[in-house]
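Each remark here refers to the structure printed beneath this line.
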Amino acid sequence: MPELPEVEIVKQSLFKNINNKIIKSVRINNPNLRFKLPCNFSHVLKGAKIKYIKRFSKYIILELDNGFYVVLHLGMSGTIHILKKKVKSIYTNISFYKSPMLPKKHNHVILFFDHIKLFYNDPRRFGFFKIFSNKNALQSFFQNYGPEPFDKSFNIKYLRKKLYKKIKSIKNYLLDQKFVSGIGNIYANEILFFCKINPLKKSGNLTKVDLKNLILFSKIVLKKAIKKGGSSIKNFKNINGKTGSFQNNFKVYDREKLKCLRKNCTGIIKKKIFTNRSIFYCNICQK
DNA sequence: CCGTTAACCTGAGAGC
DNA sequence: TGCTCTCAGGTTAACG
């Protein structure tokens, strides 16, 4: 589920809630996530102070004062919830979408702080934690990833070199984290709409204008999504707390059969399944 | 190396 | 009500 903007929102909330705090204890209800929870997980976290929290791509990185790094990927359905001990009935959901009740059986990992409990909840268990013992190990893990759209290295020269004569569709390249980091299915579709590029277009056939637009609009779309608190599609209930609102700004995603929102375009948004993912596009203005 | 498919999971919603 | 089927914001091993 979460793509770069949603993970950024989660990171910001985590920073407000647990940065500089000490993990008093750890409870593991189910270690069987996408990858089995590292066996030293509790040992590394217990007693450690969270020195800093950052994000790269769709990953949240907790820097601990014992030199270790905890890396978290939310997969498709991972969320984080915080319960303040004093107010037992109210959950502070610092996730990018709101679920009114914590589905208790999917609370796989719980971190206890002084006045706070943090729950990692993940029904589908596609999310995972990794632990790195030092900065080098952390960096070498992220070496396999391409730049984020915000990076200076995500430029014309890079795109030309990577996409030259490639027959794979640009939609699939945008989802390829080795090419560019942080974009998922929603934002790939949205970005291509702004670029007026058909998602199925072969990457080697992109024009210089296409490449320039990709660089420009990937930044614009992701930034706006962050500003709107990310996209919240499911479990949308009106309860106190934060929810993303970028879903109200979707131009193509989840808009099958609706009118194209581009000025003076009479197109209708199409939906197709392509390499196991949905593509949404206007077949008139996206060439 | 390149591109595609299937698999990993659970839950929601549609259709019957 | 309940059954079956499809789909979901991601990643990656395995295959041709």
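Below, chain A is the first sequence line, B the second, and so on; all start at residue 1.
Residue A:N276 places a side-chain atom within donor-acceptor reach of the base of B:dA6, judged by atom type and a 3.5 Å distance cut-off alone.
For A:D122 and B:dG11, the CG to P distance is 11 Å, given to the nearest whole Å. At whole-Å resolution of the value, CD in A:E3 and C1' in C:dG10 are 9 Å apart. In this structure, A:K162 atom NZ and B:dC1 atom P are separated by 12 Å, rounded to whole Å. Taking atom CG of A:N32 as the reference point, atom C1' of B:dT10 lies 15 Å away to the nearest angstrom. Put simply, CG on A:N121 is 14 Å from C1' on B:dC9, counting in whole angstrom units. When the P atom of C:dT12 is taken as reference, atom CZ of A:R34 falls 6 Å away, rounded to whole Å. A straight line from CZ of A:F179 to C1' of C:dT12 spans 19 Å, rounded to a whole angstrom. Put simply, CZ on A:R277 is 16 Å from C1' on B:dG3, counting in whole angstrom units.
Contact annotation: A:Q177 side-chain N/O to C:dT11 OP1/OP2 distance is under 4.0 Å. Regarding contacts with the backbone of C:dG10, a side-chain N or O of A:K58 is found under 4.0 angstrom from either OP1 or OP2. Within the structure, every side-chain polar atom (N or O) of A:K105 is placed at least 4.0 Å from both OP1 and OP2 of B:dT10. Between A:S278 and the phosphate of C:dA8, there is a side-chain N or O to OP1/OP2 separation shorter than 4.0 Å. For the OP1/OP2 pair of B:dG11 and a distance below 4.0 Å, the side-chain nitrogens and oxygens of A:H106 include at least one atom meeting the criterion. Residue A:H73 places none of its side-chain N or O atoms closer than 4.0 Å to OP1 or OP2 of C:dG10.
Of the listed nucleotides (B:dT5, C:dA8, B:dC8), C:dA8 has the atom at the smallest distance from the side chain of A:Y253. Between C:dT12, B:dG3, C:dA8, one nucleotide has an atom nearer to the side chain of A:Y173 than all others, and that is B:dG3. Picking from B:dC9, C:dA8, C:dT12 the nucleotide with the shortest atom distance to the side chain of A:R125 gives B:dC9.
Remark: ring of A:F126 overlaps the six-membered base ring of B:dC8 in a stacked fashion, centroids less than 5.5 Å apart, planes less than 30° apart.
Ring geometry for A:F250 against A:Y253 counts as perpendicular: the plane angle is over 60°, on a 0 to 90° scale with 30° as the lower cut. Taking the six-membered ring for Trp and thresholds of 30 and 60 degrees, A:H108 and A:Y120 have ring planes inclined between 30 and 60 degrees apart.
Contacts of A:K271 with the nucleic acid, taken as non-hydrogen atoms under 4.0 Å apart, involve only primed sugar atoms and P, OP1 or OP2. Contacts of A:N172 with the nucleic acid, taken as non-hydrogen atoms under 4.0 Å apart, involve only primed sugar atoms and P, OP1 or OP2. A:F128 comes within contact range of no nucleotide atom at all, as no heavy-atom separation falls under 4.0 Å. Across all strands shown, A:I167 has heavy atoms under 4.0 Å from sugar-phosphate atoms exclusively, and none from any base.
Remark: A:D122 does not engage A:R34 in a salt bridge, criterion side-chain N to carboxylate O under 4.0 Å. For A:R55 and A:E148, the salt-bridge test passes: some basic side-chain N is under 4.0 Å from an acidic carboxylate O.
Taking the P atom of each, B:dA6 and C:dT6 are spaced 14 Å apart, rounded to whole Å.
With a cut-off of 3.5 Å on both Watson-Crick or G-U wobble distances, the partner of B:dC9 is given as none.
Within a 6.0 Å radius of CZ in A:F35, more than 12 heavy atoms belonging to other residues, nucleotides or ligands are found.
In terms of modelled atom types and a separation under 3.5 Å, the side chain of A:Q177 and the main chain of A:I183 share a donor-acceptor contact.
For the pair A:R124 and A:L175, both in contact range of DNA chain C, the more 5′-proximal nearest nucleotide belongs to A:R124.
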